Amino acid sequence: MSHRFCRILYFLFLLYLHQPIMAQEEEAKENTGLQNRETLIEFSANWVPTLLSSSYLPIYSLSQFNGFVFSWVPRGQSSNRGSFIDGINWQSKIGNWDSFNSYAALYKAFHSIDMVSNFEYSNLGFGNPGSVSYLTGNTRFFKKAVTVATRFSNSSFVYEGQLQLNSGHLKKQRWSYQFNAVFQQAPMGLIPNGFKKLTGFALSMDKQLKQEQSIGMTIWWDHVAQGKIAPSVREAFDLSTQRNYNPSWGWYKGKPFYPNQKSGDVPVTYFRYEKKWREKAILHVQMGVAIGVQKKYQMDWTKTLDPRPDYYKYLPSYSKDSLVRKKLLDWFRSNPQALQIDFDHLEKINQSNATQQSFYIINAKVAKVQLIRFSMRLEYQFPLEWSGQIGLHGANDVIRNYNVIENLLGGNYFLNYNGWVDDNGSATNFQNEIRQPDQKIKVGQSWGGDYALQNSQLQLWGQLHKQMAKYEFGVSLKYENNRFSRTGFNQNGLFPRQALGPSSVLSFPSYGLKVQYLYKFSGRFYAKTILFQQTNAPNSSDIYIDPAVHPYTASFILPALHRGIDLALFYRGVYTKINMSIFWQSIANASEKNLFYHDHFFAFVYGMLGQMQTIHKGVELGMETQFGGPLQLSAVSSFGRYYIANNPLYEIRLSNDLYKVESGILQLQGLPATSNPQWVQAISIQYQPDYSSRIGITGVYSMKRSIDYNYFRRSFLLKNQINNDANWKLIQSENYLPNQWVFNVFMSKQYAFAIKNKKQTIRFSASIRNVLNTLIPLFSFEQSRFDYSAFRLEKFPLKYMYDQGSTYALGAQLQIQ
Amino acid sequence: MIEGVVVGNDEHDNIYKSIIIQDSTGGIVLLLDGTNLYQNYPVGAFLRVRIQNLFLTDYRKMQQLVAGVDTSNGTLVTGGIPVPLFEKHITTLSDHYKIIPIEVAFKNLGDSLQGRLIKIMNVEFSATDTGQTYADYKNKTGASRALKFCTGGTIYIRSSGYADFAGIATPTGNGSVIGIYSVYNSEKQLLIRDTSDILLKNKRCTGAAWLQNLPQ
């Protein structure tokens, strides 16, 4: 056979192998409407990581889409989640607002940009873990198409419908727009958390102006209402014989009733402006607002029997008498409704007293959200392969929090009292509003703490990057200042002088420095190292002890100090990509705070700890390869150790008057720092016989997944009091959830045809999650309540929440171009 | 099965983890392992109690129905009916049943009246117990206050340190008192629901009968 003929054959062979890759990208483009060259580059897996966030592909996609059942977050850092849309971070340092929920199910309205491309500062990855997402609503990323899709599932929703209209670039008027509408519904009782109802839309418009300028705007709005599931103890799960046991719902007037819910109505609007100076410079400016209301509903009660069916005193294990224990076991087994709440009975109690004062209510915690954002970014290409970026980011957040009675459960009114206060005989201690004592609250009226938290943030950052044939070098700096304050609108009896009115303003400056060096051994093989150090301002939840009651700040507020180093090697072949990273990060000055009932002091207390240091270190290995023609394999191994490196300080203060009753050092050194799995092996096999068909199976094996610890029971004081080495050793021991596999399967088939010269595609997809129906605890935690009197470890056991088991999703999508 | 009307509960925290029911023949204490029981079983509620698998015991000669009896540590420890089993054993037949306390003279006080709502007449607190608080509310300890019959005889008002009237001083007058008859070994006691059961507004006893009022 001639040499030339072999070369032709080899070329054809390569072309044949290359087809599936092209087809995958083609399919991806079909799904998201991608067109532009730059997006093709981005989407072609430029997955060199920046900073200490993990490789974008495959570890990021495997953990995000397949590992969430194990709470697999690469490198064990689940905090500092950012939500960047066109350069604006919509997360807030004030609690009671979750930006991710504000655009739930509207993911197709945004294009996801690989946040780890090249050397991006930071807001895109500076000191933040790989759970930061970077999206854009810019319509130039979407080609002209009309897409209608529907899905059926038994997971977080039952059915979903979606409509997407992309105009493409309208040449005459230089306009383009993108409209996306979605609804999701799960009727009552078909999913573990009860129900879900979501309707949302997103609208983006962009216009090309002269001189390489463009303006655009995006508005999105999700109206969401869904039930919430509550964790419970193992004993309750065993009694119910259901992995999806949810103790927080019950029967009311013959229908299932889920008092624990959340809802959101926070429309977000922002404008963007872009100007380019040929290839020299580009300026982005964005401004936006988010104004609306988010609510969390739950049952509340005061001075009455605990209504929770899994309350520890109601369970068989609480009874010392074996006969009574047996009676309870028999009762729960033959009366499964006893493990749910009887709301009709609660209504009867509310109505049985002379004035029909409600002891049980459904309360809505309301957060009135007002966020204002500004972001500016200028990129400039200097001579000699230097480039630079500077940016300015400003935010002003005000979130007002108060309670509103949603349902009096048959009663006439609810007294405006603070049920957490210890009654020491004072006439005003328990009053939430001493200007109107003994207030009788009706449905729709507010009660309890009424306060607003404000955060103003200004951030300035800049970076320089030099890109040469053999190496790349970059350095970036950041300076940020956060100012917090609290304003109270009610005057409670516990802190009458402090509760009402504005508090002093607290200022937290912070800085960051990052250096990166990348050496290219060849066009395919290179090494990269990143060094960084930054401080982070605390969140409002770390600062204020109990802002619903008073403006006092926690005892150990220091800026968290992050330092770290990442060394990585990359090989990027035609059919195989391999990466290996070794990382080390230290987080110092972490703090934590908790309100709980203390059995030794017989009172509610605040536990606060501070100056805790954690270390996250490990090795990540990732590989993607094409072998055997249409088969693609992705594999990831992650070996980490995330632990507490020191014994932090702590205090316990009474909630009534903040009197310090205990302080000292907690013995936490060596305990796992997170509940994310420390060792994970994941493998994904995709078979694509032709461009329109795909089957994939993914397996994730999780190891060393710790429970969440209650730190305050690990004090040296308690160790001396326990006087039982065996018990103390049990308290000190590390506790891990079982090592487990989860397997997920995905398949899709696409048909393309033309009608009147218009290309149509229909795509069907099916997926099964947790194919083997493995019983997987989503998480487990130690209760904040502990038997500080008799030190019986079994009195307040671990609580769990379990994965739903095997779930499926079936989808169909029609796209007309 | 027994049926009775609730005459005492924990509404004013003088009775703890139990309710007291009575019918025309007698009364009994029912131990329930819960709090704020008055909301489920208010005074005047007419109940049916399934006593199968319950135990009849006594606490210092005061009879009671309990769910569990544990002698494993050498002493008798009784347990109330756990909250999840309330509806298994207790059904409320009707509410707002009015119970009229029976008037009883000192000489007729006896075990047959255990757990029944009674009314005693012409009584007053002893000199030493007049003007004292019903119980030690500061230290949360109970106290017994002697009630003397003008015609002779003494019965003790037993109050808990946790009662919401524990810090109120006993009145100085003479009159009638309504309460639930109980015993503590040989001591005759009366459990009041709250201070509205104390109706001592008349002048205190005088005369020969009072002078002959010897301790019993």
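Model, not experiment: these values are computed from the prediction. We use all heavy atoms of the structure for the numbers below, so side chains are in, but hydrogens, waters and symmetry mates are not. Order of the sequence lines fixes the chain letters, A, B, ..., with proteins taken first and strands second; residue numbering starts at 1 for each chain.
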Which atoms of B:Tyr41 are under 4.5 Å from chain A, going by heavy atoms: the side chain, the backbone, both sets, or neither? neither
Counting only heavy atoms not in A:Gln436, do more than 12 fall under 6.0 Å of its CD? no
Separation between NZ (B:Lys88) and CH2 (A:Trp331), nearest 0.5 Å, reads 7.0 Å
Which one wins on heavy-atom pair count under 4.5 Å against chain B: A:Asn353, A:Leu328, A:Asp342? A:Leu328
In terms of heavy-atom contacts, does CD of A:Glu794 have more than 12 from other residues, nucleotides or ligands at under 6.0 Å? yes
Around B:Tyr162, counting heavy atoms of other residues, nucleotides and ligands shown, do more than 12 lie under 6.0 Å from its OH? no
Can you tell me if OH on B:Tyr156 sees more than 12 non-hydrogen neighbours from other groups inside 6.0 Å? no
Determine, stepwise, if the pair B:Thr92 / A:Lys348 fulfils side-chain contact (heavy atoms from CB on, under 4.5 Å). CA-CA 12 Å; B:Thr92 302; A:Lys348 194 176 163 199; 4.2 Å; yes
Around B:Lys17, counting heavy atoms of other residues, nucleotides and ligands shown, do more than 12 lie under 6.0 Å from its NZ? yes
Determine whether B:Asp95 and A:Ser352 make a side-chain contact, defined as any pair of heavy atoms from C-beta on separated by less than 4.5 Å. no
Sub-4.5 Å side-chain heavy-atom contact between B:Glu87 and A:Asn335: no
Segment of B:Thr78 engaging chain A (4.5 angstrom heavy-atom cut-off): neither
Which bit of A:Leu323 comes within less than 4.5 Å of chain B, counting heavy atoms only: side chain, backbone, both or neither? side chain
Over all heavy atoms of both residues, which pair between B:Gly68 and A:Val324 is shortest? Give the atoms and the distance, please. CA-CG2, 3.8 Å
Got more than 12 heavy atoms from elsewhere within 6.0 Å of CZ, A:Phe791? yes
Has the side chain of A:Lys327 got a donor or acceptor atom that lies under 3.5 Å from a matching backbone atom of B:Ala67? yes
What's the spacing between B:Asn36 CG and A:Thr302 OG1 if we round to 0.5 Å? 9.0 Å
So, taking the atom named CG in A:Asp321 and the one named CG in B:Asp33, what distance separates them when rounded to the nearest 0.5 Å? 11.5 Å
Interface residue of largest heavy-atom contact number with chain A, from B:Gly34, B:Pro84, B:Gly167, under 4.5 Å: B:Pro84
Is it true that atom NZ of B:Lys138 has more than 12 heavy atoms of other residues, nucleotides or ligands lying nearer than 6.0 Å? no
Cut-off 4.5 Å, heavy atoms of chain B, and the answer for A:Tyr311 is neither
Measure the spacing between OG1 of B:Thr35 and NZ of A:Lys303 and express it to the nearest 0.5 Å. 11.0 Å
By a 4.5 Å heavy-atom criterion (distance strictly below it), what part of B:Tyr38 contacts chain A: side chain, backbone, both, or neither? side chain
